[in-house]
Amino acid sequence: MEYDKNNIFARILRKEIPANVVYEDDYALAFHDVNPKAPIHILVIPKGEFISFYDFMETASPGLVVGFSKAIHHVLHAFDLQEMGFRLLSNYGVHGGQEVPHYHVHIFGGRLLGRMLPEG
Ligand code: DGP
């Protein structure tokens, strides 16, 4: 599958459309999800053209993989999520139900998050 340069997160990265940004560095951009499912619901996206975790791990430089992971850690720390906990999630493909085809990690926190997955 080819990366769609006009997906909504690519446009947010290019600052063509606004987002409520909470963190940015050379590797990643983090912003509030437009449709939050928890009191804290932040999306972290790597800088570059990556569709999914799979794609990211196959093509991103080791430096970017580390930088992106550390950006997630930075946001967890900034929102003080270590003590009460959080959930990281990344959807992909038919079973995962990914909607936006730019790799992103959801950070959920701020309430009891319940069961890991809804009943199938
Ligand atoms: P996923 O199913 O993992 O691809 O989730 C995509 C998420 O992106 C979903 O929770 C809603 C969010 N989202 C979609 N469009 C926008 C947007 O334009 N701005 C922001 N901030 N979030 C968006």
Side-chain angles (χ1 to χ4, degrees):
M1 197 183 9
E2 204 173 318
Y3 180 80
D4 169 14
K5 291 177 189 290
N6 284 317
N7 76 75
I8 198 90
F9 292 171
R11 300 187 63 203
I12 286 174
L13 266 183
R14 293 197 296 267
K15 315 279 161 119
E16 290 170 7
I17 58 170
N20 193 346
V21 171
V22 299
Y23 179 70
E24 179 169 17
D25 63 19
D26 289 346
Y27 309 104
L29 183 72
F31 51 90
H32 287 286
D33 194 291
V34 77
N35 183 20
K37 300 281 196 296
I40 296 168
H41 184 175
I42 293 165
L43 301 168
V44 190
I45 67 177
K47 292 189 171 177
E49 298 184 352
F50 307 103
I51 299 170
S52 65
F53 176 75
Y54 211 91
D55 184 26
F56 186 63
M57 293 309 296
E58 287 185 343
T59 62
S61 69
L64 181 54
V65 173
V66 172
F68 179 65
S69 301
K70 286 189 175 289
I72 295 171
H73 174 259
H74 183 100
V75 175
L76 295 172
H77 190 70
F79 280 79
D80 215 13
L81 289 171
Q82 186 178 9
E83 188 184 342
M84 294 307 289
F86 55 85
R87 181 170 294 160
L88 303 180
L89 180 142
S90 185
N91 294 313
Y92 173 62
V94 175
H95 284 180
Q98 182 179 9
E99 289 169 10
V100 180
H102 182 109
Y103 174 43
H104 51 282
V105 171
H106 298 255
I107 296 174
F108 299 102
R111 70 166 167 81
L112 201 56
L113 294 166
R115 297 174 68 88
M116 191 161 65
L117 291 174
E119 295 301 327

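In what follows, every heavy atom counts, from backbone to side chain, and hydrogens, waters and symmetry copies are set aside. This one's a predicted model, so the numbers in the text were calculated from it and none came from an experiment. Read the numbers this way: they start at 1 and go in the same order the structure lists the ligands and their atoms.
Here the side chains of I17 and K15 are not in contact, with every heavy-atom distance at 4.5 Å or above. In this structure, the side chains of I107 and F79 stay at 4.5 Å or more apart for every pair of heavy atoms. Counting heavy atoms from C-beta outward, M1 and D55 have side chains that stay 4.5 Å or more apart.
By heavy-atom distance, the residue among D33, N35, L43, N91 lying nearest atom 11 (C) of ligand 1 is D33.
With a 4.0 Å heavy-atom cut-off, ligand 1 is reached by the backbone of H32 but not by any atom from C-beta on.
Ligand-side atoms of ligand 1 in range of H106: 1 (P), 3 (O), 5 (O), 7 (C), 10 (O), range being under 4.0 angstrom from any heavy atom. Heavy-atom contacts of G97 reach the following atoms of ligand 1: 2 (O) (cutoff under 4.0 Å). Close contacts between ligand 1 and H104 involve ligand atoms 1 (P), 3 (O), 4 (O), 5 (O), 6 (C) [criterion: under 4.0 Å to a heavy atom]. Here is the list of ligand 1 atoms found below 4.0 Å of a heavy atom in E99: 1 (P), 2 (O), 4 (O).
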Might you work through the side chain to side chain contact (heavy atoms under 4.5 Å, CB included) test for N7 and E49, ending with a clear yes or no?
CA-CA 10 Å; N7 76 75; E49 298 184 352; over 6 Å; no

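A19 does not count as a contact of ligand 1, since none of its heavy atoms falls under 4.0 Å from the ligand.
Of the protein's non-hydrogen atoms, the one nearest atom 15 (N) of ligand 1 is I8 CG2, 4.0 Å. The protein non-hydrogen atom at the shortest distance from atom 13 (N) of ligand 1 is V34 CG1, 3.7 Å. Among protein heavy atoms, atom 8 (O) of ligand 1 sits closest to F9 CZ, 3.4 Å.
Annotation: F50 is not in aromatic contact with Y103 [ring centroid separation under 6.0 Å not met].
Residues A38 and F108 come closest through the heavy atom pair CB-CD2, 4.3 Å.
With sequence neighbours left out, A19 forms a side-chain contact (heavy atoms from CB on, under 4.5 Å) with I12, V21, F31.
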